[in-house]
Amino acid sequence: MSVHKTVLFGILLFINWSIYAQTEIDFYTQIQRAKVLAEQKDLSASIHTYEEAFKLIDYVHSSYFQEVLVLAKKQKDSERVEYYTQKIELQQRAKAPVLKAKVDSLFEIDQQIRMGKYAKAITYYWRKVANQNPDTSAKKYRQHMPVFEEFERQNASNIRYLLELMEQNSYLGEEIIGASDDKVEIIMLHFDKDEGNRILKPILNEALAKGQITPLLYAQILDRHLYTQSNQQTYWTWPCANKGEKLAFTEEDIPQILSRRESIGIIQSDLRQIKKRGYWLLINEIRL
């Protein structure tokens, strides 16, 4: 391909991507409008807005159909209830049951190594090493280290296997493994060793563009990894343990944080900090 053709192809690709990205933002903007209308008890208008939004993109995750189903039940709209019930059941049914079974098994291991003796070992590790807590017993820390190292090896093995499955089959979203897609997202959430999200970010970028993962989940996975590594976040969607020490931004930074959120489809017009169960969160306040 000549240099001129290559440049032209790149320009066309950028234009097509820009149009596609804008369509995604339009979709999420419409979804937020629908949510606000539902909160205002204007159920008919909310349902209509949801259904107009669904026309904007090729694949709509069943979680959005679930929201309409709830509204339709409140409206006693039996036709829509039947339609969305069937649609949800169809989408949550795995198209690749073998892959679903592999993910289910992987998720079971992921949960097992976060309970019992492993949970104690992880707690002691973070107290003694990550938080540099001199009050933590060195003897107990040494006792727990072999278990913690076992946890680290198994966790790394889980992530490696999941990445291999996705390399062979593309992103394992709802359209492939049905309702087990949330298990994939939880395993990825636990990939804290991914420095700067170097490995996961390209995978998640593609999944976000195809509607295979919601913007909030996309942001939370990336933010958690950055936060555990550097106390920094891009979108500030992951809870912070201590406002004074952990929220490394000022009021002047908030417009930029909002802009980053809006760029991926987290739509809002304001932002505020709240403390919930001991953790600080940045909450979107939607005003339309």
Side-chain angles (χ1 to χ4, degrees), residues 94 96-173 176-204 207 212-213 217-234 237-242 245-246 277-279:
V98 173
L99 280 174
K100 176 188 179 300
K102 290 179 179 179
V103 168
D104 289 346
S105 177
L106 202 58
F107 180 74
E108 188 174 339
I109 297 171
D110 176 87
Q111 296 301 293
Q112 285 175 351
I113 63 170
R114 285 170 169 78
M115 297 185 291
K117 63 178 183 178
Y118 297 103
K120 290 181 180 179
I122 294 167
T123 299
Y124 272 95
Y125 173 82
W126 284 108
R127 282 180 183 171
K128 189 67 179 176
V129 178
N131 296 329
Q132 298 180 338
N133 187 344
D135 297 329
T136 304
S137 167
K139 181 180 179 181
K140 286 186 178 181
Y141 168 69
R142 286 194 297 271
Q143 289 174 346
H144 282 91
M145 270 311 292
V147 179
F148 179 77
E149 289 169 354
E150 181 184 341
F151 158 79
E152 286 280 81
R153 285 193 297 271
Q154 186 60 64
N155 195 55
S157 175
N158 290 351
I159 294 295
R160 187 165 56 250
Y161 185 48
L162 178 64
L163 292 174
E164 287 173 1
L165 288 177
M166 291 199 289
E167 186 177 356
Q168 296 164 6
N169 302 278
S170 78
Y171 183 81
L172 298 178
I176 296 178
I177 59 171
S180 289
D181 65 323
D182 62 333
K183 297 177 181 178
V184 170
E185 291 152 2
I186 291 172
I187 295 171
M188 287 193 297
L189 194 69
H190 292 154
F191 189 15
D192 290 323
K193 297 293 185 181
D194 185 13
E195 293 187 10
N197 293 305
R198 181 177 55 84
I199 296 172
L200 283 185
K201 196 168 191 303
I203 296 170
L204 292 173
Q212 296 167 320
I213 187 170
L217 274 171
Y218 167 91
Q220 287 175 332
I221 292 170
L222 298 181
D223 276 346
R224 169 179 159 134
H225 299 162
L226 289 177
Y227 184 59
T228 56
Q229 294 160 15
S230 64
N231 287 342
Q232 292 295 315
Q233 299 185 39
T234 300
T237 56
W238 192 253
C240 303
N242 184 297
E245 296 177 6
K246 302 293 185 179
R277 291 193 289 271
Y279 289 89

J.: So, the side chain of Ser157 versus the backbone of Arg153: is there a donor-acceptor pair under 3.5 Å, distance only?
T.: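 Side chain of Ser157 to backbone of Arg153: no pair is present.
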J.: If I take atom OG from residue Ser170 and atom CD from residue Gln212, how far apart are they, to the nearest 0.5 angstrom?
T.: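 It is 6.5 Å, given to the nearest 0.5 Å.
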J.: With rounding to the nearest 0.5 Å, note down the distance linking CG in Leu200 to CE in Met188.
T.: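 The CG atom of Leu200 sits 6.5 Å away from the CE atom of Met188.
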J.: Taking the side chain as every heavy atom from C-beta outward, state whether Ile177 and Lys102 have any pair of such atoms under 4.5 Å apart.
T.: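 No. Closest side-chain heavy atoms not under 4.5 Å.
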J.: More than 12 heavy atoms of other residues, nucleotides or ligands under 6.0 Å from CD of Gln229: yes or no?
T.: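 Yes, the 6.0 Å shell around CD holds more than 12 heavy atoms from other groups.
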J.: Could you verify whether a donor N or O on one side chain and an acceptor N or O on the other, from Gln112 and Tyr118, lie under 3.5 Å apart?
T.: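 Gln112 vs Tyr118: no donor-acceptor pair found between side chains.
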J.: Kindly give the heavy-atom pair with the smallest separation between Ile122 and Phe148, and that separation in Å.
T.: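 Nearest pair, atom of Ile122 first, then Phe148: CA-CD1, 3.9 Å.
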J.: Only one of Leu217, Thr234, Asp194, Leu204 clears side chain to side chain contact (heavy atoms under 4.5 Å, CB included) with Leu222; which?
T.: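 Filter result, single survivor: Leu204.
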J.: Could you grab the distance from atom CD1 of Ile221 to atom CG of Asp192, nearest 0.5 Å is fine?
T.: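 That separation rounds to 11.0 Å.
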J.: For a 4.5 angstrom cut-off between non-hydrogen side-chain atoms, does Phe191 reach Ile199?
T.: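 Yes, side chains in contact.
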J.: Do you know which two heavy atoms are closest between Ser180 and Asp104, and how far apart they sit?
T.: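 Of all heavy-atom pairs spanning Ser180 and Asp104, the closest is OG-OD1, 2.7 Å.
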J.: Would you find a donor on one side and an acceptor on the other, under 3.5 Å apart, between the side chain of Thr123 and the backbone of Ala119?
T.: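 It does hold such a pair.
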J.: What do the steps show when you test Asp110 against His190 for side-chain hydrogen bond (donor to acceptor under 3.5 Å, both in side chains), and what is the final call?
T.: CA-CA 9 Å; Asp110 176 87; His190 292 154; 3.0 Å; yes
J.: Got a second to check how far Gln220's CD is from Ile213's CD1, nearest 0.5 Å?
T.: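 Rounded to the nearest 0.5 Å, the CD-CD1 separation comes out at 9.5 Å.
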J.: What's the separation between atom CG in Leu163 and atom CZ in Arg160, rounded to the nearest 0.5 Å?
T.: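 Nearest 0.5 Å value for the CG-CZ distance: 9.5 Å.
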J.: Okay, side chain of Asp223, backbone of Gln233: is any donor-acceptor separation there less than 3.5 Å?
T.: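 Judged by distance alone, no pair lies under 3.5 Å.
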J.: Give, for atom CG of Leu172 and atom CD of Glu185, the distance between the pair rounded to the nearest 0.5 Å.
T.: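 One finds 11.0 Å between CG of Leu172 and CD of Glu185.
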J.: Does one side chain, of Asn197 or His225, offer a donor that lies under 3.5 Å from an acceptor on the other?
T.: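 His225 and Asn197 do have a side-chain donor-acceptor pair below 3.5 Å.
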J.: Would you say CD of Glu167 has more than 12 non-hydrogen atoms from neighbouring residues, nucleotides or ligands within 6.0 angstrom?
T.: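 12 or below, so no.
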J.: Please check: side-chain N/O of Arg224 versus main-chain N/O of Trp238, any donor-acceptor pairing under 3.5 Å?
T.: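 Checked: no pair found.
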